[in-house]
Amino acid sequence: LGRYMMDLPASKRFRKELDVASQDEETAEALDMEITTCVRNFLKIKQRTTDHLGEDKSIEFPEFCRNLISLIDVVGNSLKKDLAIIGIVILRKMIETENRQVRIPACDWRIEDWAKFRPYIENRQDMLIQMDCVPLICRLVSHSPYSELRKE
(Lines give C-alpha, C1' and ligand atoms only; values in the text may rest on other atoms or scores of the structure.)
Protein backbone atom coordinates (compact mmCIF):
# COMPACT_ATOMS: atom_id res chain seq x y z
CA LEU A 1 0.00 0.00 0.00
CA GLY A 2 2.88 2.39 0.78
CA ARG A 3 4.32 2.36 -2.78
CA TYR A 4 0.83 2.70 -4.23
CA MET A 5 0.16 5.69 -1.96
CA MET A 6 3.33 7.49 -3.11
CA ASP A 7 2.17 7.30 -6.74
CA LEU A 8 -1.06 9.18 -5.92
CA PRO A 9 -1.35 12.97 -6.00
CA ALA A 10 -1.14 14.56 -2.53
CA SER A 11 -4.89 15.22 -2.31
CA LYS A 12 -5.73 11.59 -3.07
CA ARG A 13 -3.10 10.34 -0.60
CA PHE A 14 -4.66 12.60 2.04
CA ARG A 15 -8.13 11.21 1.24
CA LYS A 16 -6.86 7.62 1.46
CA GLU A 17 -5.20 8.38 4.81
CA LEU A 18 -8.47 9.87 6.08
CA ASP A 19 -10.35 6.79 4.91
CA VAL A 20 -7.89 4.51 6.73
CA ALA A 21 -8.10 6.74 9.82
CA SER A 22 -11.87 6.60 9.87
CA GLN A 23 -11.80 2.80 9.77
CA ASP A 24 -9.04 2.31 12.35
CA GLU A 25 -10.05 3.51 15.83
CA GLU A 26 -6.48 3.96 17.03
CA THR A 27 -5.53 6.06 14.00
CA ALA A 28 -8.75 8.07 14.25
CA GLU A 29 -7.96 8.84 17.89
CA ALA A 30 -4.41 9.88 17.00
CA LEU A 31 -5.75 12.17 14.26
CA ASP A 32 -8.26 13.63 16.71
CA MET A 33 -5.49 14.30 19.24
CA GLU A 34 -3.36 15.94 16.53
CA ILE A 35 -6.20 18.26 15.52
CA THR A 36 -6.88 19.08 19.18
CA THR A 37 -3.20 19.97 19.67
CA CYS A 38 -3.32 22.19 16.58
CA VAL A 39 -6.43 23.95 17.87
CA ARG A 40 -4.83 24.56 21.27
CA ASN A 41 -1.87 26.11 19.46
CA PHE A 42 -4.22 28.21 17.31
CA LEU A 43 -5.78 29.53 20.52
CA LYS A 44 -2.30 30.77 21.51
CA ILE A 45 -1.56 32.25 18.09
CA LYS A 46 -1.17 35.85 19.29
CA GLN A 47 1.46 34.95 21.87
CA ARG A 48 3.28 32.57 19.53
CA THR A 49 3.39 35.02 16.62
CA THR A 50 4.41 37.88 18.92
CA ASP A 51 7.25 35.75 20.33
CA HIS A 52 8.52 34.76 16.88
CA LEU A 53 7.59 37.70 14.64
CA GLY A 54 7.26 40.64 17.00
CA GLU A 55 4.26 42.60 18.22
CA ASP A 56 3.76 44.47 14.93
CA LYS A 57 3.34 41.19 12.98
CA SER A 58 1.37 39.19 15.51
CA ILE A 59 -1.88 37.49 14.51
CA GLU A 60 -4.97 37.80 16.68
CA PHE A 61 -7.09 34.68 17.22
CA PRO A 62 -10.26 36.26 15.74
CA GLU A 63 -8.27 37.22 12.63
CA PHE A 64 -7.07 33.63 12.31
CA CYS A 65 -10.67 32.39 12.64
CA ARG A 66 -11.95 34.78 9.97
CA ASN A 67 -9.28 33.56 7.56
CA LEU A 68 -10.08 29.92 8.30
CA ILE A 69 -13.77 30.59 7.74
CA SER A 70 -13.08 32.26 4.41
CA LEU A 71 -11.00 29.26 3.32
CA ILE A 72 -13.67 26.67 4.05
CA ASP A 73 -16.62 28.68 2.73
CA VAL A 74 -18.18 27.12 -0.37
CA VAL A 75 -18.74 30.57 -1.87
CA GLY A 76 -15.00 31.09 -2.42
CA ASN A 77 -14.48 27.36 -3.03
CA SER A 78 -10.86 27.72 -1.86
CA LEU A 79 -10.45 24.25 -0.41
CA LYS A 80 -11.38 20.82 -1.60
CA LYS A 81 -13.98 18.83 0.30
CA ASP A 82 -11.47 16.90 2.43
CA LEU A 83 -9.81 20.05 3.68
CA ALA A 84 -13.16 21.76 4.22
CA ILE A 85 -14.11 18.84 6.48
CA ILE A 86 -10.91 19.36 8.49
CA GLY A 87 -11.75 23.08 8.67
CA ILE A 88 -15.16 22.30 10.12
CA VAL A 89 -13.57 19.88 12.60
CA ILE A 90 -11.19 22.67 13.67
CA LEU A 91 -14.11 25.06 14.23
CA ARG A 92 -15.90 22.41 16.29
CA LYS A 93 -12.74 21.71 18.29
CA MET A 94 -12.40 25.43 19.07
CA ILE A 95 -15.52 25.05 21.18
CA GLU A 96 -14.74 21.59 22.51
CA THR A 97 -11.29 22.59 23.80
CA GLU A 98 -12.97 24.85 26.34
CA ASN A 99 -13.97 21.65 28.15
CA ARG A 100 -10.72 19.88 28.96
CA GLN A 101 -12.36 17.14 31.03
CA VAL A 102 -14.25 15.38 28.23
CA ARG A 103 -12.67 14.04 25.05
CA ILE A 104 -15.81 13.15 23.12
CA PRO A 105 -17.49 15.35 20.50
CA ALA A 106 -19.67 18.11 21.93
CA CYS A 107 -22.76 16.59 20.32
CA ASP A 108 -22.33 13.63 22.71
CA TRP A 109 -21.85 15.71 25.89
CA ARG A 110 -24.25 15.27 28.76
CA ILE A 111 -25.25 18.36 30.76
CA GLU A 112 -22.86 17.47 33.56
CA ASP A 113 -20.01 17.22 31.02
CA TRP A 114 -20.15 20.90 30.12
CA ALA A 115 -22.17 22.74 32.80
CA LYS A 116 -19.19 24.22 34.68
CA PHE A 117 -17.55 25.28 31.39
CA ARG A 118 -20.72 26.90 30.06
CA PRO A 119 -19.55 30.55 30.18
CA TYR A 120 -16.33 29.70 28.30
CA ILE A 121 -18.16 27.59 25.73
CA GLU A 122 -20.80 30.25 25.19
CA ASN A 123 -18.12 32.92 24.81
CA ARG A 124 -16.38 30.90 22.08
CA GLN A 125 -19.71 30.12 20.40
CA ASP A 126 -20.64 33.82 20.45
CA MET A 127 -17.31 34.72 18.85
CA LEU A 128 -17.88 32.20 16.04
CA ILE A 129 -21.49 33.36 15.59
CA GLN A 130 -20.28 36.96 15.22
CA MET A 131 -17.95 35.74 12.48
CA ASP A 132 -20.93 34.33 10.57
CA CYS A 133 -20.20 30.65 11.22
CA VAL A 134 -23.90 29.79 11.27
CA PRO A 135 -24.50 30.97 7.67
CA LEU A 136 -21.21 29.29 6.69
CA ILE A 137 -22.35 25.94 8.07
CA CYS A 138 -25.75 26.35 6.40
CA ARG A 139 -24.03 27.01 3.05
CA LEU A 140 -21.69 24.05 3.48
CA VAL A 141 -24.50 21.66 4.32
CA SER A 142 -26.83 22.93 1.59
CA HIS A 143 -24.15 22.94 -1.14
CA SER A 144 -22.45 19.69 -0.25
CA PRO A 145 -23.45 16.27 -1.54
CA TYR A 146 -20.84 14.76 0.79
CA SER A 147 -22.23 13.00 3.84
CA GLU A 148 -18.93 13.38 5.77
CA LEU A 149 -19.18 17.16 5.51
CA ARG A 150 -22.80 17.15 6.64
CA LYS A 151 -21.93 14.83 9.54
CA GLU A 152 -19.29 17.20 10.91
Side-chain angles (χ1 to χ4, degrees), residues 10-11 13-76 78-144 146-152:
S11 63
R13 277 198 317 266
F14 180 68
R15 179 70 228 163
K16 283 277 190 203
E17 289 171 14
L18 282 180
D19 288 343
V20 169
S22 67
Q23 294 170 7
D24 176 24
E25 190 173 322
E26 185 177 320
T27 306
E29 187 171 320
L31 179 62
D32 182 68
M33 288 177 61
E34 186 70 27
I35 292 171
T36 300
T37 300
C38 287
V39 169
R40 288 191 176 131
N41 285 316
F42 296 153
L43 294 171
K44 301 173 192 169
I45 196 164
K46 179 165 177 56
Q47 186 60 48
R48 291 181 184 271
T49 56
T50 299
D51 291 348
H52 296 287
L53 303 173
E55 184 71 36
D56 60 323
K57 295 182 181 169
S58 66
I59 299 169
E60 298 281 342
F61 181 67
E63 177 186 359
F64 169 81
C65 291
R66 278 190 287 278
N67 288 319
L68 176 64
I69 289 165
S70 69
L71 281 174
I72 60 178
D73 198 341
V74 293
V75 173
S78 299
L79 294 178
K80 294 188 185 246
K81 173 194 73 143
D82 299 331
L83 295 177
I85 292 170
I86 296 297
I88 293 294
V89 170
I90 289 170
L91 291 173
R92 177 173 51 83
K93 290 276 184 194
M94 286 179 185
I95 294 168
E96 291 174 353
T97 56
E98 290 296 340
N99 181 351
R100 293 183 179 250
Q101 292 184 337
V102 179
R103 292 196 19 122
I104 57 175
C107 63
D108 296 329
W109 289 353
R110 298 178 317 258
I111 291 173
E112 58 270 16
D113 291 335
W114 62 269
K116 67 181 175 181
F117 299 98
R118 184 177 183 159
Y120 306 107
I121 293 167
E122 287 177 347
N123 185 36
R124 183 65 45 78
Q125 287 173 332
D126 289 344
M127 182 195 77
L128 292 172
I129 288 168
Q130 290 171 3
M131 293 180 183
D132 291 331
C133 270
V134 173
L136 164 76
I137 292 168
C138 291
R139 282 191 299 275
L140 287 171
V141 170
S142 67
H143 286 86
S144 177
Y146 305 112
S147 60
E148 307 103 88
L149 192 58
R150 286 195 203 127
K151 181 180 133 197
E152 275 309 318

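Numbering starts at 1 and runs along the sequence shown. Hydrogens, waters and symmetry mates play no part in the numbers below; they use all other heavy atoms, side chains included.
Salt bridge status for E96 with K93: present, with a side-chain N to carboxylate O gap under 4.0 Å. Salt-bridge annotation for K46 and E55: present, with a side-chain N of the basic residue lying under 4.0 Å from a carboxylate O of the acidic one.
Counting only heavy atoms from C-beta outward, the side chains of N41 and R48 approach each other to under 4.5 Å. In this structure the side chain of F61 never reaches within 4.5 angstrom of the side chain of K44, judged on heavy atoms. You'll find the side chain of C133 reaches within 4.5 Å of the side chain of I69, heavy atoms only. The closest side-chain heavy-atom distance from R92 to V89 is below 4.5 Å. When side chains are defined from C-beta on, I72 counts as touching L91, because their heavy atoms get closer than 4.5 Å.
Remark: I86 CD1 to I35 CD1 distance equals 4.0 Å, nearest 0.5 Å. With rounding to the nearest 0.5 angstrom, the OG1 atom of T50 is 9.0 Å from the CG atom of D56. To the nearest 0.5 Å, the span separating CD1 on I137 from CD1 on I88 amounts to 5.0 Å. Here I129 contributes atom CD1 and L136 contributes atom CG; the two are 12.5 Å apart, rounded to the nearest 0.5 Å.
Of the possible polar contacts, one joining the T49 side chain to the I59 backbone as a donor-acceptor pair under 3.5 Å is found.
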Report all side-chain donor-acceptor pairs from residues 120-128 shorter than 3.5 Å, counting only partners two or more places apart or in another chain.
residue : atom : partner : partner atom : Å
E122    : OE2  : R118    : NE           : 2.7
E122    : OE2  : R118    : NH2          : 3.3
R124    : NH1  : M94     : O            : 2.6
R124    : NH1  : E98     : OE2          : 3.1
R124    : NH2  : E98     : OE2          : 2.5

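For E112, the CD atom is densely surrounded, since the number of other residues' heavy atoms within 6.0 Å is greater than 12.
Between M131 and C65 the shortest heavy-atom distance is SD-CB, 3.4 Å. The heavy-atom pair separating F117 from D113 by the smallest distance is CD1-O, 4.0 Å.
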